[in-house]
Number of protein chains: 2
Amino acid sequence: MGKKIQPDSCGLGPAFQVIGGKWKALLLWLVHQEPRRFGELKRLVPDVSEKMLIQHLREMEADGLIHREVFHEVPPRVEYSATELGISLDEALEPLAHWGKKHAEEIAARRREAAE
Amino acid sequence: MGKKIQPDSCGLGPAFQVIGGKWKALLLWLVHQEPRRFGELKRLVPDVSEKMLIQHLREMEADGLIHREVFHEVPPRVEYSATELGISLDEALEPLAHWGKKHAEEIAARRREAAE
DNA sequence: TATGGTACGCACCTGCAGGTAAGTATTGAG
DNA sequence: CTCAATACTTACCTGCAGGTGCGTACCATA
């Protein structure tokens with residue numbers, strides 16, 4: 001044996017498992033820039049539903065990517081920030097983001113002509 | 001104006017659009033190592049259905065990530081290889097793969113204890 | 001004539017990621 | 001005593017990514 005097959009022998013399995021959600025990468029990116037409040041994220045990403053917003057934030061918190069801090073104030077206040085692990089992931093994501101920006105036009109053009 | 005909101009202001013939009021499929025990143029990785037035949041990929045990734053295999057390969061071809069070459073031989077033969085664009089994507093994916101391998105244990109442990 | 005291997009194409013179906021909309025607790029302002 | 005603002009919570013529903021299974025065209029060999 002030893003000649004087993006590779007389902008995700010490249011290391012992408014765990015990575016995608018953790019940022020696979022529709023909005024997770026974007027949220028990590030925003031939260032990495034500076035600590036963000038729940039409502040702030042909601043305003044910044046108006047297309048995400050509140051349900052998925054907390055769900056993704058909670059999962060990322062459980063995975064150790066972000067930190068959740070509650071301020072016991074008059075109107076409730078919660079701030080999300082990136083942990084070291086989250087920061088390292090966001091940095092590992094940067095080349096991909098760079099690739100995306102660089103080839104965005106090319107991709108879009110190809111898709112347009114593919115649709116005829 | 002100018003102060004528009006960011007759905008994918010980080011460049012990840014196009015990137016995920018192109019490798020978002022369940023097996024695409026893995027396929028790109030395999031095809032980047034060396035040209036692969038259809039049946040070879042099928043054997044290497046036994047969990048993928050034939051339908052998704054061609055579908056993903058065709059989409060990646062349309063997006064210019066891989067090249068498809070048909071050899072008109074007795075038993076039909078097709079080889080898939082990575083284009084320059086595909087290679088650049090795979091390279092941009094490498095830091096993420098590295099991150100995944102590095103933190104695979106940590107992530108898995110966290111998920112185990114989260115499930116109780 | 002039949003059988004087997006390759007690289008597909010297609011119709012049908014299911015699960016679950018994600019969306020929608022309503023409700024909750026707290027407290028200060030008016 | 002109502003209202004507004006925050007940060008959730010919960011039940012319900014839908015779409016589509018992906019899976020299953022079978023059919024096809026080609027030829028070589030036996």
Side-chain angles (χ1 to χ4, degrees), chain A residues 5 7-8 12-13 15-28 30-31 35-63 65-81 111 114-115, chain B residues 5 7-8 12-13 15-28 30-31 35-63 65-81 111 114-115:
Chain A
I5 339 90
D8 268 315
L12 291 172
F16 272 85
Q17 209 169 320
V18 149
I19 35 132
K22 188 169 178 183
W23 310 96
K24 284 188 179 178
L26 180 57
L27 291 174
L28 179 61
L30 289 170
V31 149
R36 305 280 193 178
R37 302 186 52 179
F38 180 84
E40 194 180 355
L41 291 169
K42 213 180 112 179
R43 262 173 279 119
L44 287 169
V45 194
D47 285 348
V48 69
S49 64
E50 291 193 12
K51 176 199 166 192
M52 290 315 295
L53 185 48
I54 3 156
Q55 188 175 313
H56 279 166
L57 288 170
R58 287 289 158 84
E59 287 171 7
M60 291 167 80
E61 190 196 1
D63 286 329
L65 298 179
I66 62 177
H67 173 69
R68 188 177 109 103
E69 187 160 11
V70 183
F71 297 82
H72 300 279
E73 295 180 1
V74 196
R77 180 184 177 195
V78 180
E79 275 192 1
Y80 296 90
S81 54
R111 299 232 159 172
Chain B
I5 337 92
D8 266 315
L12 292 172
F16 272 86
Q17 208 169 321
V18 150
I19 35 131
K22 187 170 179 182
W23 309 95
K24 285 188 178 177
L26 179 58
L27 292 173
L28 179 60
L30 290 170
V31 150
R36 307 279 193 178
R37 301 186 52 177
F38 180 84
E40 195 180 353
L41 291 169
K42 214 180 111 178
R43 264 173 277 118
L44 287 169
V45 193
D47 284 348
V48 69
S49 63
E50 292 194 11
K51 176 199 166 191
M52 290 316 294
L53 186 48
I54 2 157
Q55 187 175 314
H56 279 166
L57 288 171
R58 288 289 159 85
E59 286 171 8
M60 290 166 80
E61 190 197 0
D63 286 329
L65 299 178
I66 63 177
H67 173 69
R68 188 178 109 101
E69 187 159 12
V70 183
F71 298 81
H72 300 280
E73 295 178 0
V74 196
R77 181 182 178 199
V78 180
E79 275 191 2
Y80 296 91
S81 54
R111 298 233 159 171

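Here is how names work: the chains are called A, B, and so on, in the same order as the sequence lines, proteins then strands, and each is numbered from 1.
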Examine [N]: is either OP1 or OP2 under 4.0 Å from a nitrogen or oxygen in the side chain of [X]? Give yes or no.
X      : N      : value
R77(A) : dA7(D) : no
R58(A) : dC8(D) : yes
Y80(A) : dA7(D) : no
R37(B) : dA7(C) : yes

Contacts of type salt bridge (Lys or Arg N to Asp or Glu O under 4.0 Å), residue K42(A), not counting sequence neighbours: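 If we apply the salt bridge (Lys or Arg N to Asp or Glu O under 4.0 Å) test to K42(A), skipping adjacent residues, the hits are E50(A).
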Residues which pass salt bridge (Lys or Arg N to Asp or Glu O under 4.0 Å) with R58(A), listed by chain and number, not counting sequence neighbours: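 Testing R58(A) for salt bridge (Lys or Arg N to Asp or Glu O under 4.0 Å), a comparison that skips the adjacent residues, returns none.
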Looking only at non-hydrogen atoms, find the nearest pair between [X] and [Y] and report the distance.
X       : Y      : result
R36(B)  : E40(B) : NH1-OE2, 3.1 Å
K24(B)  : V18(B) : CD-O, 3.3 Å
R111(B) : Q17(A) : NH2-O, 3.2 Å
L12(B)  : A25(A) : CD1-CB, 3.5 Å

With a cut-off of 3.5 Å and sequence neighbours excluded, list every side-chain donor-acceptor pair involving residues 70-80 of chain B.
from: E73(B); atom 1: OE2; to: R77(B); atom 2: NH1; distance (Å): 3.3
from: R77(B); atom 1: NH2; to: E79(B); atom 2: OE2; distance (Å): 3.1

Under 3.5 Å between N/O atoms: give me all the protein pairs with nucleotides 18-22 of chain D, atom names plus distance.
from: dG18(D); atom 1: OP1; to: K22(B); atom 2: N; distance (Å): 3.0
from: dG18(D); atom 1: N7; to: K51(B); atom 2: NZ; distance (Å): 3.2
from: dG19(D); atom 1: OP2; to: S49(B); atom 2: OG; distance (Å): 3.3
from: dG19(D); atom 1: N7; to: K51(B); atom 2: NZ; distance (Å): 3.3
from: dG19(D); atom 1: O6; to: K51(B); atom 2: NZ; distance (Å): 2.3

L30(A) vs V45(A), side chain to side chain contact (heavy atoms under 4.5 Å, CB included): CA-CA, chis, key distance, verdict: CA-CA 10 Å; L30(A) 289 170; V45(A) 194; 3.6 Å; yes
Nucleotide N/O of nucleotides 26-30 of chain C paired with protein N/O under 3.5 Å:
none

R68(A) side chain, from C-beta outward: closest of dA7(C), dC8(D), dG9(C):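 The listed nucleotide nearest to R68(A)'s side chain is dC8(D).
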Taking N or O atoms only and anything under 3.5 Å, show me the protein contacts with nucleotides 2-4 of chain C, one pair per line.
none

Check: L26(B) and V48(B) side chains under 4.5 Å, non-hydrogen atoms: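 V48(B) does not reach L26(B) side chain to side chain.
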